[in-house]
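Heads up, the thing below is written out as structure tokens.
Indexing begins at 1, ligand by ligand and atom by atom, following the structure's order.
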Amino acid sequence: MLASHKRWSMFDLKGARVLVVGGTSGIGLGAARMAAQLGANVAVASRSPDKVRAAKELIGRGASGHALDTRDEAAIEKLFANEAPFDHVVVSASETKSLPVKELPLDVAYANMNSKFWGAYRIARAARINDKGSLTLVSGYLSIRPRKGSAIQGAINAAVEGLSRGLAIEFAPVRVNCVSPGLVNTPLLDRFGDRKEAMLAEARKTIPAGIVGESEHIARQIIACMTNPFMTGSTIYLDGGGSIS
Ligand SMILES: NC(=O)c1ccc[n+]([C@@H]2O[C@H](COP(=O)([O-])OP(=O)(O)OC[C@H]3O[C@@H](n4cnc5c(N)ncnc54)[C@H](OP(=O)(O)O)[C@@H]3O)[C@@H](O)[C@H]2O)c1
């Protein structure tokens, strides 16, 4: 546990208890692996027991896991009641569907919000986090860089970013931040099927950084949110310059 700031180091999470909700794939898995490499005792949570099992093996270093659906309030409360408080909690879990507003059925729009915004809200509400620890939410740069067919995602991401700032005030001295990624090459993009490679190639050509984001790029920032004691109430747009191009 983080007894004091003296334990703080950018490269050392030794002994810290870290929970990554959504830590079995993509950005969350990247953050969980990096935290474990920096010495944290890592737990991951997501819906699929198979993914939880595979992530635990990949992370190694005694990582533990929980099958958990962020839409299930009772299961979330049970998890935190049964666990000692964590030093750092990350929420990167969500599943949302994109379509233009006029084509997206309302029940799917509501389900998107339930998964990503209310999922993060439910975790934040139930989480027990040690003083000087942190909560990091993951949103997405559509909050400030709208695209056709993704208005609902932009609105949800903006809501997550606003939530993180409010929580930073309410939860202090626990620090609360939000990481807002641009396009990142994770299993999330598999839904684009044959169009995925063309999309990545286009991104390489158009975004200022000239590369597509990888989970590790975002994980580095999530680790900074955990370890920088001066960081709270911040939303970091990490998009290779995508939001200004
Ligand atoms: N990749 C990008 O380009 C990008 C860009 C901007 C923002 N983001 C945001 O970053 C976050 C992480 O994305 P990613 O690319 O890492 O996606 P990903 O690879 O699909 O990972 C999503 C993770 O969330 C879990 N999950 C989904 N719904 C859940 C639920 N209801 N309860 C518990 N766990 C759930 C999944 O596991 P299970 O299936 O086992 O539940 C998985 O571990 C998402 O919020 C996404 O919107 C991603």
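The residues Glu216 and Arg33 are annotated as not salt-bridged, no charged nitrogen and carboxylate oxygen being separated by less than 4.0 angstrom.
The protein heavy-atom contact nearest to atom 19 (O) of ligand 1 is Ser25 OG, 2.6 Å. Counting only heavy atoms of the protein, atom 32 (N) of ligand 1 lies nearest to Thr70 N, 2.9 Å. The protein heavy-atom contact nearest to atom 14 (P) of ligand 1 is Thr186 OG1, 3.6 Å. In terms of protein heavy atoms, atom 47 (O) of ligand 1 is closest to Lys116 NZ, 2.8 Å. Of the protein's heavy atoms, Lys51 NZ, 2.7 Å lies nearest to atom 39 (O) of ligand 1. Counting protein heavy atoms only, atom 31 (N) of ligand 1 is closest to Asp69 OD1, 3.0 Å. The nearest heavy-atom contact from the protein to atom 43 (O) of ligand 1 is Thr24 OG1, 2.7 Å. What sits closest to atom 22 (C) of ligand 1 on the protein, heavy atoms only, is Ser94 O, 4.2 Å.
Residue nearest to atom 4 (C) of ligand 1, selected from Gly182, Gly140, Ser215: Gly182 (by heavy-atom distance). When the options Ala93, Gly242, Ala75 are ranked by their closest heavy atom to atom 35 (C) of ligand 1, first place goes to Ala93. Counting only non-hydrogen atoms, the option in Pro181, Ser139, Ser150 that gets closest to atom 9 (C) of ligand 1 is Ser139. Around atom 1 (N) of ligand 1, the closest heavy atom drawn from Val184, Leu189, Val52 belongs to Val184.
For the pair Lys196/Asp190, a side-chain contact is recorded, criterion being any heavy-atom separation below 4.5 Å from C-beta on.
Of all non-hydrogen atoms in Ala32 and Ile59, the two that sit nearest each other are CB-CD1, 3.7 Å. Heavy atoms only, all atoms of each residue included: Leu99 and Glu103 are closest at CD1-O, 3.7 Å. Contact detail for Leu189 and Val184: the closest heavy-atom pair is CD1-O, 3.3 Å.
Each of the following atoms of ligand 1 lies closer than 4.0 Å to a heavy atom of Val138: 10 (O), 11 (C). Below 4.0 Å from some heavy atom of Gly26 lie the following atoms of ligand 1, by number and element: 16 (O), 19 (O). Near Leu68, meaning under 4.0 Å from one of its heavy atoms, ligand 1 places the atoms 32 (N), 33 (C). When each atom of ligand 1 is checked for a heavy atom of Ser92 under 4.0 Å away, the hits are 11 (C), 12 (C), 44 (C), 45 (O).
Taking only nitrogen or oxygen atoms, main chain and side chain alike, Arg47 reaches within less than 3.5 Å of ligand 1. In terms of polar-atom proximity, Tyr141 is not counted as a contact of ligand 1, lacking any N or O under 3.5 Å from an N or O of the ligand.
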> What do the steps show when you test Asp87 against Lys132 for side-chain contact (heavy atoms from CB on, under 4.5 Å), and what is the final call?
Replying inline: CA-CA 8 Å; Asp87 294 307; Lys132 312 285 185 196; over 6 Å; no
> What do the steps show when you test Glu95 against Arg47 for salt bridge (charged side-chain N to carboxylate O under 4.0 Å, His left out), and what is the final call?
Replying inline: CA-CA 11 Å; Glu95 187 174 50; Arg47 294 166 301 180; 3.2 Å; yes
>> Under the criterion salt bridge (charged side-chain N to carboxylate O under 4.0 Å, His left out), I'd like the reasoning laid out for Glu77 against Arg122: C-alpha separation, chi angles, the key distance, then a yes or no.
In response: CA-CA 9 Å; Glu77 302 226 330; Arg122 279 185 282 265; over 6 Å; no
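In the hydrophobic cluster analysis, where Ile, Leu, Val, Met, Phe, Trp and Tyr join through side-chain heavy atoms closer than 4.5 angstrom, Ile27 is grouped apart from Phe117.
In terms of modelled atom types and a separation under 3.5 Å, the side chain of Asn157 and the main chain of Gln153 share a donor-acceptor contact.
For the pair Arg17 and Phe86, the cation sits on the ring face: its NZ or CZ lies under 6.0 Å from the ring centre, inside 45° of the axis.
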